[in-house]
Amino acid sequence: GVHAQQFQTPHRGAFALPMLMSFFACCRPLNQVLKVWDAMLAFGVHLNVILCVTQLVLLRAVLLAEPHPLQHLTPRRLPSLDAELLVRVSFEIIPHLPKSLLEEVSMHARMAAPA
């Protein structure tokens with residue numbers, strides 16, 4: 001089997017960057033992206049970070065089985081989005097996150113970029 005020690009550690013900003021920066025617009029199919037956007041608009045854009053982390057959790061087995069896991073996170077290689085599963089699992093994860101982390105994620109979405 002493939003072990004985590006075999007992977008070269010990429011920069012932490014490399015994980016899920018297309019999904020995060022595009023608010024999942026790089027994913028397909030579009031009808032599922034629209035459902036993800038509905039959830040973000042209903043609960044706040046800070047949910048984008050949690051949704052991206054959840055997507056990584058859902059892809060964990062695929063990513064760990066590959067010698068070059070980041071290739072699976074490029075827009076052309078992303079699997080089809082399942083919005084209902086993604087949102088449901090995200091809301092199952094949220095209660096287990098530290099309150100301080102949730103506050104930081106929420107505040108980050110409201111912070112202006114440095115000049």
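As a basis for the values below, the full set of heavy atoms in this structure was taken, side chains included, without hydrogen atoms, waters or symmetry mates.
In this structure, the separation between CG on Leu70 and CZ on Arg77 is 11.0 Å, given to the nearest 0.5 Å. Summarising the geometry, atom CG belonging to Leu47 is positioned 10.5 Å from atom CZ belonging to Phe23; distances are rounded to the nearest 0.5 Å. Rounding to the nearest 0.5 Å gives a distance of 10.5 Å between SG of Cys52 and CE of Met21. Distance check, rounded to the nearest 0.5 Å: CG of Leu97 to CD of Glu104 gives 12.0 Å. Here the CD atom belonging to Glu84 is positioned 6.5 Å from the CD atom belonging to Gln32, to the nearest 0.5 angstrom. Atoms CG and CD, on Leu73 and Gln71 in that order, are 10.0 Å from each other to the nearest 0.5 Å.
Under the 4.5 Å side-chain heavy-atom criterion for ILVMFWY residues, a single connected hydrophobic cluster contains both Leu30 and Leu51. Residues Leu58 and Val62 are members of separate hydrophobic clusters, defined by side-chain heavy-atom contacts under 4.5 angstrom among Ile, Leu, Val, Met, Phe, Trp and Tyr.
Counting only heavy atoms from C-beta outward, the side chains of Glu66 and His72 approach each other to under 4.5 Å. Between Val33 and Arg28 the shortest side-chain heavy-atom distance does not fall below 4.5 Å. With contacts defined as side-chain heavy-atom distances shorter than 4.5 Å, the pair Thr54/Phe91 does not qualify.
Between Leu86 and Phe24, the shortest heavy-atom distance links the atoms CD2-CE2, 3.7 Å. Residues Val87 and Ala39 come closest through the heavy atom pair CG2-CB, 3.8 Å. Shown here for Cys27 and Met19, the closest heavy-atom pair between the two residues is SG-CG, 3.8 Å. Between Leu102 and Ile94, the shortest heavy-atom contact is CD1-O, 3.9 Å. What you find for Ala83 and Lys35 is that their closest heavy atoms are CB-CB, 3.5 Å. Closest approach of Ser90 and Ile50 over heavy atoms only: OG-O, 4.0 Å.
Heavy-atom neighbours of Arg60 CZ from other residues, nucleotides or ligands within 6.0 Å: at or below the threshold of 12.
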